[in-house]
Number of protein chains: 2
Amino acid sequence: MRGPNSNLRRDVPEASLRRLPIYYRSLQEMLLSGVAQVSCADLARILGLDPTQVRKDIEMTGIVGKPRVGYPLGDLVRWIENFLGWNRPKTAVLAGAGSLGSALLGYEKFRSHGMLIIAAFDIDPDKIGQRIHGREVQPLMFLPDFVRQAHTLVGVIATSAAAAQSVTDLMVSAGIRAIWNFAPAHIQVPERVILQNEDLYHSLASLSFKLESKMGVTPTGNGISYAEDN
Amino acid sequence: MRGPNSNLRRDVPEASLRRLPIYYRSLQEMLLSGVAQVSCADLARILGLDPTQVRKDIEMTGIVGKPRVGYPLGDLVRWIENFLGWNRPKTAVLAGAGSLGSALLGYEKFRSHGMLIIAAFDIDPDKIGQRIHGREVQPLMFLPDFVRQAHTLVGVIATSAAAAQSVTDLMVSAGIRAIWNFAPAHIQVPERVILQNEDLYHSLASLSFKLESKMGVTPTGNGISYAEDN
DNA sequence: CTCATATCGAGAAAGTTTTATCGAGAAAGT
DNA sequence: ACTTTCTCGATAAAACTTTCTCGATATGAG
Ligand SMILES: NC(=O)c1ccc[n+]([C@@H]2O[C@H](COP(=O)([O-])OP(=O)(O)OC[C@H]3O[C@@H](n4cnc5c(N)ncnc54)[C@H](O)[C@@H]3O)[C@@H](O)[C@H]2O)c1
Ligand SMILES: NC(=O)c1ccc[n+]([C@@H]2O[C@H](COP(=O)([O-])OP(=O)(O)OC[C@H]3O[C@@H](n4cnc5c(N)ncnc54)[C@H](O)[C@@H]3O)[C@@H](O)[C@H]2O)c1
């Protein structure tokens with residue numbers, strides 16, 4: 001009942017999902033350098049993480065290791081791929097062929113991680129008809145039919161923030177089941193749709209705060225004194 | 001000893017740092033629509049979060065609210081800005097003027113969040129000399145002198161993954177104290193340097209996994225059966 | 001062959017984050 | 001003026017994540 005393949009995909013901590021790609025990348029580099037076996041302790045040493053944490057994360061994929069040896073490297077890489085779904089290609093459509101959208105369209109590595117952006121849509125007449133990395137930008141109004149015909153499940157939002165919600169709604173009504181949102185907007189989706197926000201401001205806030213903390217800047221220097229004048 | 005301005009910047013959960021920008025954005029939108037007062041409960045309703053969590057996050061900025069009223073909206077926005085350091089401009093340099101680097105250079109909103117990318121560097125002779133969004137791409141070897149003269153503390157990595165570590169080392173040796181890394185590489189920095197990784201694969205893994213979980217795909221379909229052949 | 005050592009896997013403990021509860025105080029209605 | 005209602009701020013409880021501990025087992029040395 002609890003064999004290596006009876007992985008239930010339940011209760012996977014978000015934190016583990018964030019670490020698995022890091023392991024995956026390191027493991028692939030090792031693969032190139034000809035390593036055959038790897039232990040959690042090895043990985044932990046390389047990445048500066050806790051060995052137990054690495055083991056717990058890897059256990060989630062369902063792979064079973066051998067004491068004193070670890071895991072066959074090739075197998076481990078495939079188990080992670082399989083667990084994350086990176087070995088099962090998914091098509092995606094992109095809305096918003098601006099600077100960011102173009103960069104995403106040209107990003108070949110998505111393909112090797114199971115994500116194929118097969119079409120781009122925009123509303124700007126100057127953009128429509130342009131070819132960007134081999135795909136012709138289409139009018140946004142063609143998106144629903146395209147999605148239905150290609151059975152596409154993933155939609156990438158790279159429009160302005162103002163347009164994000166309406167484009168999302170259009171995608172969802174066409175059958176999209178997961179939204180990857182790069183616009184800095186709080187968008188709403190039905191329960192059944194996955195929403196993944198890629199918010200640069202998260203990072204920017206964290207970076208800015210930590211840098212100032214480390215450099216000794218206090219956040220008291222701009223004359224705000226709300227509590228005094230109540 | 002515990003007044004609104006004696007904010008110690010200690011023990012701030014990473015999760016809170018990630019949520020504050022979301023509040024900030026919503027609050028700014030409210031500001032535009034003329035709202036004057038806002039309560040944590042309001043924010044929580046709008047964003048679909050727990051009111052207590054919102055209150056805890058906002059408390060961290062040091063602002064003091066009034067029962068039954070909440071916070072003056074303008075003040076709250078400024079307290080968050082001040083807490084995150086977004087009202088204190090920081091200069092940054094960018095390495096790697098490719099598709100992503102160009103998009104980042106052209107992204108005006110960084111400026112209003114305290115982050116000014118003032119120069120771009122590359123090693124590709126074809127890139128060097130090009131003007132991208134008003135900044136001329138310079139040879140990477142000029143970076144250290146530039147950083148020292150401009151007293152720049154932040155470095156943005158948008159090079160290939162293979163170059164990320166060496167470019168980081170160059171930046172760090174020139175005095176950079178925070179690295180914002182967009183390359184999918186595990187880079188190492190000294191203790192004193194902040195490292196913020198912007199890893200698309202985190203999101204991709206999460207999206208892919210959740211989509212498949214929701215759509216009922218089991219990760220057992222690719223014939224891996226490592227445990228059998230031991 | 002036996003022993004020492006390293007690692008897995010599982011469960012317990014510790015730490016952190018999120019959610020619930022409660023008293024106090026400010027505003028609005030009676 | 002009094003009561004009701006809502007929200008802040010603080011504390012407590014619950015849930016989750018990370019770290020620690022331990023027994024089992026495979027490998028390599030003696
Ligand atoms: N450029 C960056 O580095 C960067 C970084 C992080 C986030 N972002 C965000 O990504 C989004 C795109 O950024 P960008 O720099 O590419 O901007 P951009 O202005 O270059 O591109 C936006 C594109 O979206 C299109 N668009 C607008 N409304 C649309 C609609 N309703 N349907 C379809 N297309 C529509 C526009 O025509 C344009 O082509 C923005 O929300 C931005 O905040 C950008
Ligand atoms: N394009 C995307 O959508 C995207 C998304 C996420 C992450 N990334 C990552 O961002 C990085 C850049 O991506 P890109 O699509 O812009 O690639 P790109 O090839 O267009 O640009 C890379 C640039 O870096 C320069 N470069 C290489 N080595 C350098 C060095 N040692 N010093 C200075 N510059 C150097 C190259 O000359 C080139 O101009 C990559 O690591 C990529 O994996 C890209």
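Basis for what follows: all heavy atoms, side chains included, without hydrogens, waters or symmetry-related copies. Each chain gets a letter, A, B and so on, in the order its sequence line appears, and its residues count up from 1. Keep in mind it's a predicted model, so treat the numbers as computed, not measured.
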Are any of A/Tyr71's side-chain N or O atoms less than 4.0 Å away from OP1 or OP2 of C/dG9?
yes
Please work out the stems of DNA chain C from pairs that are Watson-Crick or G-U wobble with both distances under 3.5 Å, keeping only runs of three or more consecutive pairs.
C:1-30 with D:1-30
Quick one: B/Arg55 CZ to C/dC22 P, roughly how many Å, whole number?
15 Å
Measure from CE on A/Met60 to C1' on D/dT18 and round the result to the nearest Å.
13 Å
B/Asp57 side chain vs B/Val54 backbone, donor-acceptor pair below 3.5 Å:
no
d(CD1, A/Ile63; P, C/dT7) in whole Å:
16 Å
Apply side chain to side chain contact (heavy atoms under 4.5 Å, CB included) to the pair B/Arg19 and B/Gln53, showing each step before the final yes or no.
CA-CA 10 Å; B/Arg19 283 186 298 261; B/Gln53 187 173 64; 3.2 Å; yes
Dump every N/O contact between nucleotides 16-19 of chain C and the protein below 3.5 Å, one line per pair.
{"unit_1": "C/dT18", "atom_1": "OP1", "unit_2": "B/Arg19", "atom_2": "NH1", "d": "3.0"}
{"unit_1": "C/dT18", "atom_1": "OP2", "unit_2": "B/Arg19", "atom_2": "NH2", "d": "3.0"}
{"unit_1": "C/dT18", "atom_1": "O5'", "unit_2": "B/Gln53", "atom_2": "NE2", "d": "3.2"}

Counting N and O atoms only, with roles assigned by atom type, does the side chain of A/Lys90 sit under 3.5 Å from a partner on the main chain of A/Gly85, one being a donor and the other an acceptor?
yes
Please confirm whether the backbone N or O of A/Pro184 pairs with a side-chain atom of B/Arg25, one donor and one acceptor, at under 3.5 Å?
yes
Side chain to side chain contact (heavy atoms under 4.5 Å, CB included) test vs B/Pro190 passes for just one of B/Asp169, B/Val172, B/Leu195, namely B/Val172
Any donor-acceptor pair under 3.5 Å linking the side chain of A/Ser16 with the backbone of A/Val12?
no
Minimal non-hydrogen separation, B/Tyr71 against B/Arg55, with atom names
OH-CG, 4.3 Å
How far apart are the closest heavy atoms of A/Tyr24 and A/Trp86, and which atoms are they?
CD2-CZ3, 3.6 Å
Restricting to nitrogen or oxygen on both sides, can you table the protein-nucleotides 4-6 of chain C pairs closer than 3.5 Å?
{"unit_1": "C/dT5", "atom_1": "O2", "unit_2": "A/Arg68", "atom_2": "NH1", "d": "2.9"}

Residue pair A/Met171, A/Ile157: steps toward the side chain to side chain contact (heavy atoms under 4.5 Å, CB included) verdict:
CA-CA 10 Å; A/Met171 285 178 170; A/Ile157 307 274; 3.8 Å; yes
Tell me the interatomic distance from A/Gln37, atom CD, to D/dG28, atom C1', rounded to whole angstroms.
15 Å
Between B/Val35 and B/Leu73 the two heavy atoms that sit nearest each other are O-CD2, 3.3 Å
Could you tell me how far apart A/Lys66 (NZ) and D/dA26 (P) are, to the nearest whole angstrom?
8 Å
Which residue is it: A/Thr168, A/Thr159, A/Asn197? I am looking for the one with a side chain to side chain donor-acceptor pair (under 3.5 Å) to A/Asn181.
A/Asn197
